[in-house]
Amino acid sequence: MYDNYSGALYGVILRIVQSKEYTEEIIQDVFVKIWNSIHQYDSSKGRFYTWMINIARNTAIDYLKSKSFQNELKNQSLPDFVYNSAELSTTNDSSDYIGFNKVLENLETDKQELINLAYYQGYTQNEISEKLKIPLGTVKTKMRNALMKLKDLLKDYQ
């Protein structure tokens with residue numbers, strides 16, 4: 001399982017936490033969670049890969065919001081805190097194992113931005129509403145439409 005899915009999960013986590021060190025720590029936690037909760041997977045609700053991606057995403061977001069991580073950020077010296085964004089960029093084709101970036105390009109720009117904020121940067125819908133200065137209802141509607149369009153686009157990949 002690790003050999004088949006670790007690369008894709010690593011890319012998702014790295015995109016959220018933007019640190020190789022933290023990503024390696026989180027990916028271990030993700031596989032432990034998957035192993036311990038495999039009995040909760042329900043194939044009628046979705047694909048196994050999607051289930052694992054959600055666990056990875058949620059674990060990475062939880063890690064970023066944890067008090068220990070926040071305290072660690074406050075205690076770092078400036079050179080350790082500044083990341084090389086080119087080195088950590090996950091927008092290149094080598095880290096996009098399933099070609100999801102190409103699928104996202106088929107969405108309108110505003111919907112791409114919503115997906116990016118919610119799923120790659122870990123923003124809640126309330127936070128997206130505040131950041132983009134649009135009503136929460138509009139965020140929810142656009143997010144729902146974006147996810148329905150993605151679902152439709154991803155039918156070809158199953």
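We use all heavy atoms of the structure for the numbers below, so side chains are in, but hydrogens, waters and symmetry mates are not.
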Student: What heavy-atom pair brings Gly122 and Lys65 nearest, and what distance separates the two atoms?
Tutor: O-NZ, 4.2 Å
Student: Are Leu150 and Leu107 packed together at the side-chain level, in the sense that at least one heavy-atom pair is separated by less than 4.5 angstrom?
Tutor: yes
Student: Please determine whether residues Leu136 and Tyr119 belong to a single hydrophobic cluster, defined as Ile, Leu, Val, Met, Phe, Trp and Tyr linked transitively by side-chain heavy-atom distances below 4.5 Å.
Tutor: no
Student: To the nearest 0.5 Å, tell me how far Ser43 OG sits from Trp51 CH2.
Tutor: 12.0 Å
Student: Quick one: does Tyr10's side chain get under 4.5 Å of Arg15's, heavy atoms only?
Tutor: no
Student: Rounded to the nearest 0.5 Å, what separation is found between the OG1 atom of Thr50 and the CD1 atom of Ile55?
Tutor: 11.5 Å
Student: Met143 and Ala118: which non-hydrogen atoms are nearest, and at how many Å?
Tutor: CE-CB, 3.4 Å
Student: Would you call the rings of Tyr63 and Tyr22 parallel, tilted or perpendicular, where under 30° means parallel and over 60° means perpendicular?
Tutor: tilted
Student: Hey, could you give me the CD1/CD1 distance between Ile27 and Ile13, rounded to the nearest 0.5 Å?
Tutor: 4.5 Å
Student: Taking Ser129 for the side chain and Ile134 for the main chain, is one N or O donor matched with an acceptor at less than 3.5 Å?
Tutor: yes
Student: Okay, side chain of Gln125, backbone of Lys140: is any donor-acceptor separation there less than 3.5 Å?
Tutor: no
Student: Can you list the residues that meet the side-chain contact (heavy atoms from CB on, under 4.5 Å) rule with Gln121, with sequence neighbours excluded?
Tutor: Asn116, Leu117, Tyr123
Student: Can you list every side chain to side chain donor-acceptor pair (under 3.5 Å) pair that touches residues 33-42, not counting sequence neighbours?
Tutor: Lys33-Thr59, Asp42-Ser44
Student: Side chain of Gln28, backbone of Glu25: donor and acceptor closer than 3.5 Å?
Tutor: no
Student: Apply the test side-chain contact (heavy atoms from CB on, under 4.5 Å) to residues Ile34 and Met1: give CA-CA distance (whole Å), side-chain angles for both, the deciding distance (0.1 Å), then the verdict.
Tutor: CA-CA 10 Å; Ile34 290 169; Met1 183 169 64; 3.7 Å; yes
Student: Determine, stepwise, if the pair Leu64 / Ile16 fulfils side-chain contact (heavy atoms from CB on, under 4.5 Å).
Tutor: CA-CA 9 Å; Leu64 289 179; Ile16 293 170; 3.5 Å; yes
Student: Assigning hydrophobic clusters by single linkage (Ile, Leu, Val, Met, Phe, Trp, Tyr; side-chain heavy-atom cutoff under 4.5 Å), is Leu9 placed with Val32?
Tutor: no
Student: OG1 of Thr109 to CG of Leu114: how many Å apart, nearest 0.5 Å?
Tutor: 11.0 Å
Student: For the residue pair Ile115 and Ala146, what are the closest heavy atoms and their distance?
Tutor: CD1-CB, 4.1 Å
Student: Could I get the full list of side-chain contact (heavy atoms from CB on, under 4.5 Å) partners for Glu108, not counting sequence neighbours?
Tutor: Asp110, Lys111
Student: Let me confirm one number: the OH-CZ distance from Tyr5 to Phe31, rounded to the nearest 0.5 Å.
Tutor: 9.5 Å
Student: Working to the nearest 0.5 angstrom, can you tell me the gap between Lys131 NZ and Asn126 CG?
Tutor: 15.0 Å
